[in-house]
There are 2 protein chains.
Amino acid sequence: MESQSTTTSSGYEMPAEKITKEQIHQLAGEAIAARDSIMKFWLERCEDKQHGGFLTNFDASGKDTGTSEKYLNTQCRFIWTFSSLLRRGGDKEYERLARLGVDFIIENFWDEHYGGFYWKTNRDGSELDNGKIVYGESFAIYALSEYYLATKDPRGLEYAVKTFDALQKYCADTRYGGYREYFNQDWTPETPGFGGGDRKTLDSHMHLMESFTVLYEASQQEIHRRKLKELIDLIIDIMVDHTRGSGLNQFNLAWESVPALSLKRTWNAERFGERPAEPTQTTSYGHNTELVWLLSRALEIGGFDKEPYKGIMKQLMDHAIQNGIDWQYGGVYRDGLRETGKPIVLEKEFWQNAEILTGMLDAYKTFGNEEYLQAFVNVWRFCQKYMVIENLGEWRTLCDQKGNILDGNIGNPWKVSYHTGRSAMEVADRLRELANK
Amino acid sequence: MESQSTTTSSGYEMPAEKITKEQIHQLAGEAIAARDSIMKFWLERCEDKQHGGFLTNFDASGKDTGTSEKYLNTQCRFIWTFSSLLRRGGDKEYERLARLGVDFIIENFWDEHYGGFYWKTNRDGSELDNGKIVYGESFAIYALSEYYLATKDPRGLEYAVKTFDALQKYCADTRYGGYREYFNQDWTPETPGFGGGDRKTLDSHMHLMESFTVLYEASQQEIHRRKLKELIDLIIDIMVDHTRGSGLNQFNLAWESVPALSLKRTWNAERFGERPAEPTQTTSYGHNTELVWLLSRALEIGGFDKEPYKGIMKQLMDHAIQNGIDWQYGGVYRDGLRETGKPIVLEKEFWQNAEILTGMLDAYKTFGNEEYLQAFVNVWRFCQKYMVIENLGEWRTLCDQKGNILDGNIGNPWKVSYHTGRSAMEVADRLRELANK
């Protein structure tokens, strides 16, 4: 059997040895164990027994550090996680927790007057930020559709559809296509700049593609499939750089690519505060490869032909292989420079590493190239060694290039069970399939 | 006072003499009489006393020729006409008739299951064509909003808003912007080509601008104003040729201008049957000038700055003055060639002539140029002499260039009181205002 070594743009060579069937078997076992320990972590901690819904903030030792605010996206990410486990045959406890979350968001986040879900409440569910953020609304659709598929509770589809309808009415941009993303409670657009009212992002549009996929899976309605296809083509035609094979980041309403501003109600703004636009445009290897596997899933669920998209899918994966994977220390870099593709932030963050794992296995399945499997193993080894917290199973937030801890916390208002849990489920499923082939 | 004569592209000179104040006074009197006789014509004939709603088909002598089918757009055009007269101080009989129409369309055209109004019923309101055509839906919004403004009957705004919502959900194109136009009853897109499922037209988008204007006037909701503004900019940016100063006609979904196909459920297709795409692209002087005054109204009602639009508005008007007005025989030609602007169909049709009257008076108000007034008087004289049927007051359908009758009928499933009645109301109002200045 032939094996090749390839020199990447960082000057390091990918391993020349092929991954063996035995290694796949072993990795599948590791993955199943990893998945189960992540779930165990949250099952024991996330329920808010006092107020309903979920707690999100946990330190490096797994201790509850106090959840004073509840975010729509994180509450929904828990609902999605437990619903998804349930669909994979999980037990009644997952159903109870998923329902707990659905009860909480319908009771406290749903806006009876204007429609849509609020962005943020106090821990007890009382009013805190009634803004309507498309990123959050998308996670509500994602979670409620998955919940419906798992439980057949009609509220799941009912509220997912109502949220979808509100997006079509208030957020769709009939001048330029796509969706505006930041709104006040009454669905009037937020202020420009930091408020995000005049921006469109690949991030939100990718997550809409993700949620419309599951909405269509749940509803089988033509309109959900049609809007999914419009989103797919919008993203691929406009939001990806076909010359460089990387995703763009922010746009003005007219779809001109603009340097990324820090936007209110994003994790980066909440971590780093408002910063002026940087002179450079960046791309995220983790995000690009997440886009590929979510697209792959969307095309499958929608019943669309995958062939026309394979070229750009491969470009995006190869860009990450060439530039984003740290073949020396392992894992994937946080951010790259759009112009050259070269990494500019060498840190290793949880979500990019989690998503690229699924992305590489998906690409291996689609294209069969050994390097995707090599990249998977590289990132998997790094994550198991440096990102996963021993004895707890869940991942820390951020390491430096070599794996030294920069932010050891496990949970925060943005990070709970979604990226790591989903990655664990997807990887376990996919490795098991590979092992049994 | 200086007067100028101008030679147009057809080689004929516009009159050199300025229109006097006395002439304006006289014209205002004529216009009021013309308006009242049009209204008298319909008041005496249009009510369907057997089934409710309105009769639409009348021959050159004003005789009911039998209405076997009722079209959404024509039923709505009557509702709009009577509501608009009511807003201008009309009597209770107009209110009774407007309500008659609203009762009929809500009972027979409204789709309780999928939302939106059907395209066509039998005379008694029973099912005939349950398709959803944006052109027709737009007239429902236009009529119901005007009806609400005139009567405050809450059903008017309620059904206008529900129709608007259905358009946002099912017709807005989130890939390319704008609206798709032809749908089946369940809002799945119609077939491509003759079915219109893959086409976008200036015609439907202009009428949406017209109806969203009145919807916003009635509702004062930000979302209606925002969607109106998106439409305005879409039309002006994409659907108008800024080099030639003329409107385009048909587009594919991606907004590439394409030669106009004959489309099912349009008047031209019903008159002339399905024809292959012609090798030439056309422009309509009547439509272009209708666009200008509807845009002018939309900007005023929306409270938008008119300045950025004045350049293209003037271009469109001047294109019609130079190419579309028949300075020899009077009136406006039916169609022109996009490339050169020169007329290719020299016939004089009712609606282009009706709309250009309002357009010219509106442009005279905005720009103050004498030639707009001259063009108005030219078309007015032609219409009073050749289009208006003596003793009946309403207009015939079609004449040849010199005014010989080609189609003498007064009413058909597309032509009732809307273009001629609206033009009469607008012209009477505007001339009275000019006369009193």
Assert top hit (heavy-atom pairs under 4.5 Å, partner chain A, pool L234(B), I235(B), L231(B)) equals L234(B)

Inter-chain donor/acceptor N,O pairs below 3.5 Å: chain B to chain A:
residue, atom, partner, partner atom, Å
D165(B), OD1, K169(A), NZ, 2.8
D165(B), OD2, K169(A), NZ, 3.3
K169(B), NZ, D165(A), OD1, 2.7
K169(B), NZ, D165(A), OD2, 3.2
Y170(B), O, R226(A), NH1, 2.9
Y170(B), O, R226(A), NH2, 3.3
A172(B), O, K227(A), NZ, 2.5
T174(B), N, E230(A), OE1, 2.9
T174(B), O, G178(A), N, 2.6
T174(B), OG1, E230(A), OE1, 2.5
R175(B), NE, D237(A), OD2, 3.1
R175(B), NH2, D237(A), OD2, 2.8
G178(B), N, T174(A), O, 2.6
W187(B), O, R226(A), NH2, 2.9
R226(B), NH1, Y170(A), O, 2.9
R226(B), NH2, Y170(A), O, 3.3
R226(B), NH2, W187(A), O, 2.9
K227(B), NZ, A172(A), O, 2.5
E230(B), OE1, T174(A), N, 2.9
E230(B), OE1, T174(A), OG1, 2.5
D237(B), OD2, R175(A), NE, 3.1
D237(B), OD2, R175(A), NH2, 2.8

Bottom line for I238(A): the part with an atom under 4.5 Å from chain B's heavy atoms is side chain

